[in-house]
2 protein chains.
Amino acid sequence: MTPKAHFAEKLRLAGLRPTRQRVAIATLLLDGRHRHVTADSLTEEITAAGLHVSGGTVYNTLNQFTEAGLLRRVMVHNDYSLFDTNTDHHHHFYEAENDQLVDIPHDDVILAQLPAAPDGHEIKAVDVVIHIQSKNS
Amino acid sequence: MTPKAHFAEKLRLAGLRPTRQRVAIATLLLDGRHRHVTADSLTEEITAAGLHVSGGTVYNTLNQFTEAGLLRRVMVHNDYSLFDTNTDHHHHFYEAENDQLVDIPHDDVILAQLPAAPDGHEIKAVDVVIHIQSKNS
DNA sequence: AACTAGTTTAAAATCATTCTAAAGAGCCTT
DNA sequence: AAGGCTCTTTAGAATGATTTTAAACTAGTT
């Protein structure tokens, strides 16, 4: 199977029509490498690959991929959106000083006790963000 | 001690000059009631109290209070900033559907194991956000 | 090839937040 | 109480990420 067909299929399974731009973005983001991207950094990657996708579509695609579970939104500040290509269950270190986000392997955080969700609700996800700072600051 | 003098002193201790607007906002937010506010909701409270503080000052004050440890910023989405008047160590439930934030008592979450901070860094804070959704959705 | 619904586009619009320059107010000194 | 110095506040402009718009395009179907 060609890479293009592979990602087209992946998008179809996610309920997304495999358009040229979505396949291009999937090829860049969903290759298994774990990293964190922004609308801006993704646009740079697209440009570096000799392609062009309009700004609106970059935003739409990031949102749609997230909605479809192909990406995960990481919440550490309010300046701009961050997306994680690793959708497995894991947590993050965040250093505000340098706006640096680092993955924490799943097993390194153990939640021994969780509260029950409020009545009529169920737990969808548990996000742990450990804020760190350099020692001499 | 008058309430005004009380909050003026509190601000001085936090390293903030007790101006009329900062005392007014402290009186509204730092009375011990635990709640979550936004720049918008705070502006409404100020107006409801028959006062007026410019938009820029509302934002500045929220940031300064947070910096001074009088408020805590809560990160659950990227739409606008949320502040918690409860600065004690505790975590949150977040229901995205209704943009609803609910406190979790400190003792209801037990972190049995935390990873060591990366070299040269130390842990400043650990935030746990439990995303919930209503069962029939 | 033709059709239709979903998608992309560039540009305009939105909206929270920050910045600006001028006016005002704490607060220290006399 | 007046003077003065610095920090604050103000209204309005500016910023910047994100969303919306309306028109052009395309994937998938007939």
Side-chain angles (χ1 to χ4, degrees), chain A residues 2 4-5 7-28 36-44 46-47 49 51-68 70-71 73-83 96 99, chain B residues 2 4-5 7-28 36-44 46-47 49 51-68 70-71 73-83 96 99:
Chain A
T2 71
K4 184 174 160 184
F7 287 112
E9 187 54 25
K10 204 164 184 173
L11 289 173
R12 256 189 220 97
L13 285 174
L16 295 170
R17 187 191 286 188
T19 64
R20 193 182 305 126
Q21 350 342 39
R22 294 210 270 237
V23 171
I25 292 176
T27 304
L28 290 171
H36 306 119
V37 301
T38 64
D40 227 46
S41 78
L42 173 55
T43 300
E44 279 177 30
I46 292 169
T47 304
L51 305 171
H52 174 76
V53 173
S54 77
T57 297
V58 169
Y59 280 102
N60 283 339
T61 305
L62 285 171
N63 288 333
Q64 292 154 352
F65 279 24
T66 302
E67 185 73 20
L70 301 173
L71 291 177
R73 196 184 287 269
V74 185
M75 231 63 87
V76 286
H77 62 219
N78 284 333
D79 298 337
Y80 47 81
S81 293
L82 266 173
F83 299 86
D99 190 20
Chain B
T2 70
K4 184 175 162 184
F7 287 112
E9 187 56 23
K10 203 164 183 172
L11 290 172
R12 258 192 219 93
L13 285 173
L16 295 170
R17 188 190 285 188
T19 64
R20 194 181 303 128
Q21 353 338 39
R22 293 210 270 236
V23 171
I25 292 176
T27 304
L28 289 171
H36 306 119
V37 301
T38 64
D40 226 45
S41 78
L42 174 55
T43 300
E44 278 177 30
I46 292 169
T47 303
L51 306 171
H52 175 77
V53 174
S54 77
T57 296
V58 169
Y59 280 104
N60 283 338
T61 305
L62 285 170
N63 288 333
Q64 292 154 352
F65 279 22
T66 302
E67 185 74 20
L70 302 174
L71 290 177
R73 196 184 289 268
V74 184
M75 230 63 87
V76 286
H77 62 218
N78 283 332
D79 298 337
Y80 46 83
S81 292
L82 266 174
F83 300 87
D99 190 20

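Quick note on labels: first sequence line is chain A, next is B, and so on, each numbered from 1.
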Hey, which of these two, B:L16 or B:H52, hits DNA chain D nearer its 5' end, going by closest nucleotide?
B:L16
Per side chain to side chain contact (heavy atoms under 4.5 Å, CB included), A:T61 is matched among A:I25, A:L16, A:L42 by A:I25
Can you tell me if B:T27 uses its side chain to pair, donor with acceptor, with the backbone of B:V23 under 3.5 Å?
yes
Nucleotide C:dT7, atom C1' - distance to CG of A:L62 in whole Å:
16 Å
Could you go through nucleotides 26-28 of chain C and list every protein N or O atom that sits under 3.5 Å from one of its N or O atoms, giving the distance for each pair?
| unit_1 | atom_1 | unit_2 | atom_2 | d |
| --- | --- | --- | --- | --- |
| C:dG26 | OP1 | B:R20 | NH2 | 3.4 |

Can you name the nearest heavy-atom pair linking B:N78 to A:H77, along with the distance?
OD1-O, 2.8 Å
Nearest-Å distance for atom pair CZ/P, residues B:R22 and D:dC7:
11 Å
Could you list the residues that satisfy salt bridge (Lys or Arg N to Asp or Glu O under 4.0 Å) with A:R12, not counting sequence neighbours?
A:E9
Contacts of A:R17 meeting side chain to side chain contact (heavy atoms under 4.5 Å, CB included) (sequence neighbours excluded), chain-then-number -> A:T19, A:R22
Roughly, in whole Å, what's the span from CG in B:L11 to P in D:dC7?
17 Å
On a heavy-atom basis, which atom in A:F83 and which in A:N63 lie closest, and how many Å separate them?
CZ-OD1, 4.2 Å
Nearest whole angstrom, please: distance from the P of C:dC15 to the NE2 of B:H77.
15 Å
One would report the end-axis bend of the helix from C:dA1-D:dT30 to C:dT30-D:dA1, five pairs per end and rounded to 10 degrees, as 30°
Please list every donor-acceptor pair under 3.5 Å in which a side-chain atom of residues 52-59 of chain A meets a protein atom from a residue at least two apart or in another chain.
| unit_1 | atom_1 | unit_2 | atom_2 | d |
| --- | --- | --- | --- | --- |
| A:S54 | OG | A:T57 | N | 3.4 |
| A:S54 | OG | A:T57 | OG1 | 3.2 |

Compare every heavy atom of B:L62 with every heavy atom of B:T66, then report the nearest pair and how far apart it is.
OG1-O, 2.7 Å
Where A:L51 and A:A24 come nearest, the two heavy atoms and their spacing
CD1-CB, 3.9 Å
Smallest heavy-atom separation, B:P18 atom then B:L11 atom, equals CA-CD1, 4.0 Å
Look for any protein N or O under 3.5 Å of an N or O in nucleotides 16-21 of chain D and output each such pair with its distance, or none.
| unit_1 | atom_1 | unit_2 | atom_2 | d |
| --- | --- | --- | --- | --- |
| D:dT18 | OP1 | A:S81 | N | 2.6 |
| D:dT18 | OP1 | A:S81 | OG | 3.0 |
| D:dT18 | OP2 | A:Y59 | OH | 2.8 |
| D:dT19 | OP2 | A:N63 | ND2 | 3.1 |

For the student: nearest non-hydrogen atoms of A:L82 and A:H36, plus distance:
CD2-CB, 4.4 Å
Rounding to an integer number of Å, can you tell me how far B:E67 CD sits from D:dT8 P?
13 Å
